[in-house]
Amino acid sequence: MVFDKRKKKYVGSTRLYSFNQLNNTANLGYTWYRKESQGNGTNKNCKYLLLEFALEKIGIERVGFGASNLNEKSINAMKSIMCKVDGVF
């Protein structure tokens, strides 16, 4: 759950998932935010916090992201934090 301290309410959710111990990887996603919390930096801040946690605190070596090719909002959000496209399914 994502709690916006400025608004003092829950505004959405995001998570780390699909941990792979053999390859020391995880994915970041299954993200959802209320309309009023989209495009205001909340998602970007949460992604940075989760990346910091995964990479620096628990030692994950690679974090993957995913989105439908039709979900331009998600793709643009990932590009805004410098994600690199490795492939398309």
Side-chain angles (χ1 to χ4, degrees):
M1 295 299 299
V2 176
F3 185 80
D4 188 326
K5 290 180 180 179
R6 298 166 297 181
K7 296 178 181 178
K8 295 183 177 29
K9 67 180 182 178
Y10 292 98
V11 296
S13 65
T14 191
R15 71 185 76 185
L16 287 167
Y17 66 97
S18 292
F19 289 88
N20 182 314
Q21 289 182 322
L22 181 64
N23 295 316
N24 201 18
T25 62
N27 290 327
L28 198 159
Y30 288 108
T31 300
W32 172 88
Y33 289 101
R34 294 173 182 243
K35 284 275 191 212
E36 66 266 17
S37 294
Q38 296 175 7
N40 68 0
T42 301
N43 185 35
K44 190 178 286 192
N45 287 331
C46 286
K47 295 292 188 256
Y48 284 138
L49 289 170
L50 281 170
L51 283 168
E52 178 185 29
F53 176 75
L55 299 169
E56 296 178 15
K57 303 289 188 221
I58 61 175
I60 297 293
E61 292 179 16
R62 183 178 174 132
V63 176
F65 292 79
S68 165
N69 284 335
L70 304 176
N71 191 339
E72 291 183 27
K73 270 188 172 182
S74 289
I75 293 167
N76 289 333
M78 289 184 275
K79 287 179 179 178
S80 79
I81 62 168
M82 307 308 286
C83 288
K84 181 184 123 197
V85 177
D86 277 346
V88 177
F89 289 108

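K7 has its side chain out of reach of T42: every pair of non-hydrogen atoms, C-beta onward, lies at least 4.5 Å apart. In this structure, the side chains of N43 and K73 stay at 4.5 Å or more apart for every pair of heavy atoms.
The cluster map of Ile, Leu, Val, Met, Phe, Trp and Tyr, joined by side-chain heavy atoms under 4.5 Å apart, puts Y10 and V2 in different clusters. I81 and I60 fall within a single hydrophobic cluster, where Ile, Leu, Val, Met, Phe, Trp and Tyr side chains are chained together by heavy-atom contacts under 4.5 Å. Grouping the Ile, Leu, Val, Met, Phe, Trp and Tyr side chains by contacts below 4.5 angstrom, directly or via other members, places F53 with F19. Following chains of ILVMFWY side-chain contacts shorter than 4.5 Å, one cannot reach Y17 starting from L49, and the two form parts of different hydrophobic clusters.
Between the CH2 atom of W32 and the OG atom of S37 there is a distance of 8.5 Å, given to the nearest 0.5 Å. With rounding to the nearest 0.5 Å, the separation of SG in C46 from CE in M1 is 11.0 Å. I75 CD1 to N69 CG: the interatomic distance, rounded to the nearest 0.5 Å, is 5.5 Å.
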Q) Do D4 and R34 pass the side-chain contact (heavy atoms from CB on, under 4.5 Å) test, and can you show the C-alpha distance, the side-chain angles, and the key distance before you say yes or no? A) CA-CA 11 Å; D4 188 326; R34 294 173 182 243; over 6 Å; no
Q: Please assess F65 against T31 for the test side-chain contact (heavy atoms from CB on, under 4.5 Å), listing each intermediate value before the final yes or no.
A: CA-CA 11 Å; F65 292 79; T31 300; over 6 Å; no
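Shortest non-hydrogen contact noted between V63 and A54 is CG2-CB, 3.9 Å. Heavy atoms only, all atoms of each residue included: Q38 and Y33 are closest at NE2-O, 2.9 Å.
Open room surrounds CZ on R62; 12 or fewer heavy atoms of other groups in view lie less than 6.0 Å from it. Under a cut-off of 6.0 angstrom, the local environment of OH in Y48 is crowded, with over 12 non-hydrogen atoms contributed by other residues, nucleotides or ligands.
Between the E61 side chain and the N23 main chain, no donor and acceptor come within less than 3.5 Å of each other.
With sequence neighbours excluded, no residue forms a side-chain hydrogen bond (donor to acceptor under 3.5 Å, both in side chains) with S18. Taking the side-chain contact (heavy atoms from CB on, under 4.5 Å) definition, one finds that L50 meets it with T14, L16, L28, sequence neighbours left out.
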